[in-house]
Every structure is written in structure tokens, then in C-alpha cells.
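Working notes, structure below.
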Amino acid sequence: MDTKSRGDLVINGFGASNGGQFRVVTLNGRGTVNNDLECIEFECNGSGVVKGNMISEIAKVNGHAKFRGNVECQKLTIDGSASIDKNLSVEKLKISGRASVGGRVRCEEIKIQGTLTVNEDCEAEIFKAESQFTIGGLLNADTIDIKMFGECKAKEIGGQTIMVKQKGSLVGNLLKSFFKPQLETELIEGDKIELENTIAKIVRGNQVRIGPNCQIGLVEYTEDFSMDKKAVVTESRQV
């Protein structure tokens, strides 16, 4: 890919572009890209709209960005708010602000310290969340580490190691009454599972630990099972 001949796109104030290939794209004001966009670096500090698909090596959203198509990046950092109408494919995703995806998410590594909403499936090798999230389909990752700050939801969860705990912090404790730390899902399936503050119909794994404030319909395990006295499990069986 010849990137040396590419120019930069900078929009300060109100402005629009027809899209195309650029080296660096910076939206500082209210900028609109009316077609597909391909660049090395993308940064939105103001209010930006990309009406087509976007491919970028490094992308950062400090302001408010809307993407009407698919987004594909090597690294995406969202400190402001980002709305992606279709699918998101990225190697490393970090969210400190707010992000919503209308389709599916595929990543190598996801770190969430803000809020993530995904309408369809979310797939990753590593999924770490210290926040709130809603996933309309399957959350699937090799390693899932969730420290809840508020309500978290996923239709189903699958992985090798699944850890779900309440986030322990002074701020988190002060705001318990406002943001209930709780995970809701229909099915959790993995090798090693440790849960707190979780409501699930079925939990299935090799080693299963049900911690406090859990409400589980059925636990199926192959090796070990333990349950906290503050948890409710309707039925458990070794398979």
C-alpha cells in the first residue's frame, strides 16, 4: 500500500469530504465524510459522521462520532462516544466513554471502562470489563474478566476462563444504590467459572464456583462445584 502519496484531511468547524484514501484524518469541528474512508490514522475531537465504511490502522474518538457502515481498525480507542451502525472488527479495542454497535463485534482484545452496547454477537480472545455492557447475542472469548460497576447483560456467555465479580472501589460502593452491579444471562458455559451477583438459567462447566448474590436455575459440572451460602441454585448435577 502506497501511503506516502496520500494527503491529510483536516476539518475545523463545519466541513464535508467525499471520502477516499488519506494518511491522517482529523475532525475537530462538525465534519462529515459522505462515502467510504480509508486512512492510517483517524481522530475525531468534535462531532463527526462517516456515512460509509471506515478502514484505519489507528482510530481515536475523543468527541462524538457516528459511523453509518462497518468499521475496521487495528487499534480503536473511544474516550468520548461512538455509534457504529453495522459491524466492528478491531484488534485492540479500549472504551473509556460510550460505544454502541448495531451489528457484531470481533476483536482480539477488548477493555471496557465505560459503556458498551452490541446488538449482535461479541467475539474476542480477551474480554475485560470494569463497567456496564449489553450484548444482544453471544459473548464469546477465551478469557472473560468482568468487574461490574452496574447492570451487565448478554444473551449467552461462552469461554475458557470466566470470572464475574462486583467491582470493589470506594466510588462503586457509594453508588451501589444507584447502579446495581448484576449480570443477567440465559447461559454461561466454560471450563473454569467463578460468579458473583449473577442471574442465569444454566451454568455449565468443568470447575464451577457460585459466589454470593447469584440466582442460578441449573448448574452442570464435570469436576468441581462449590456454592456460597448467599447464593441460590435450584438444581446442580455432575455430568
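Any value given below was found using the heavy atoms of this structure, including those in side chains, with hydrogens, waters and symmetry copies removed.
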| said: Under the side-chain contact (heavy atoms from CB on, under 4.5 Å) test against V208, which residue among I216, D191, V219 passes? | reply: V219

| request: Look at the side chain of N70 and the backbone N and O of K86, then say whether any donor-acceptor pair between them is shorter than 3.5 Å. | output: no

| Passes side-chain hydrogen bond (donor to acceptor under 3.5 Å, both in side chains), N45 versus N28? Steps please. | CA-CA 5 Å; N45 299 310; N28 292 321; 2.9 Å; yes

| query | Can we say D85 and R68 salt-bridge, meaning some charged N sits less than 4.0 Å from an Asp/Glu carboxylate O? | reply | yes

| request: Indicate if V203 and V233 have the same hydrophobic cluster label, given that clusters are the connected sets of ILVMFWY residues with side-chain heavy-atom separations under 4.5 angstrom. | output: yes

| message | Salt bridge check, D8 against R23: does any charged N sit closer than 4.0 Å to a carboxylate O? | response | yes

| K128/E130 salt bridge by N-O under 4.0 Å criterion | no

| query | What's the shortest heavy-atom distance between I193 and R204, and which atoms? | reply | CD1-O, 3.4 Å

| remark: For V118 and D121 the tightest heavy-atom approach is CG1-O, 3.7 Å

| request: Measure the shortest side-chain to side-chain distance between K111 and Q113 over non-hydrogen atoms and say whether it is less than 4.5 angstrom. | output: no

| query | Going by heavy atoms in the side chains, are R237 and L218 under 4.5 Å from each other? | reply | yes

| request: Walk me through it: do Q207 and E223 pass the test side-chain hydrogen bond (donor to acceptor under 3.5 Å, both in side chains)? | output: CA-CA 6 Å; Q207 301 173 352; E223 296 178 11; 3.2 Å; yes

| said: Per the ring pair (Phe, Tyr, Trp, His ring centres under 6.0 Å) rule, what does the pair list look like for residues 62-100, sequence neighbours excluded? | reply: F42-F67

| query | Below 4.0 angstrom, N of the basic side chain to O of the carboxylate: do E186 and K153 qualify? | reply | no

| message | Could you check whether any side-chain heavy atom of R106 comes within less than 4.5 Å of a side-chain heavy atom of E91, counting everything from C-beta outward? | response | no

| Less than 4.5 Å apart, any side-chain heavy atom of F133 and any of F127? | yes

| Within a strict 4.5 Å, meaning less than it, do heavy atoms of the L93 and L88 side chains meet? | yes

| field | M227 with L183, same ILVMFWY side-chain cluster at under 4.5 Å | value | yes

| Side-chain touch T222/V239, heavy atoms, less than 4.5 angstrom | yes

| If you look at every heavy atom in I188 and A200, which pair is closest and at what distance? | CD1-CB, 4.4 Å

| note | Closest non-hydrogen atoms of N197 and M148, given as atom of the first, atom of the second and distance, are CB-CE, 3.6 Å

| query | Going by atom types alone, do N213 and E196 pair a side-chain donor with an acceptor below 3.5 Å? | reply | no

| request: Over all heavy atoms of both residues, which pair between E43 and N62 is shortest? Give the atoms and the distance, please. | output: OE2-ND2, 3.1 Å

| said: For a 4.5 angstrom cut-off between non-hydrogen side-chain atoms, does K92 reach I110? | reply: no

| task | Mind listing the closest non-hydrogen atom pair of T185 and A154 along with its distance? | result | OG1-O, 2.9 Å

| message | A side-chain contact here means heavy atoms from C-beta on lying under 4.5 Å apart; do Y221 and N206 qualify? | response | no

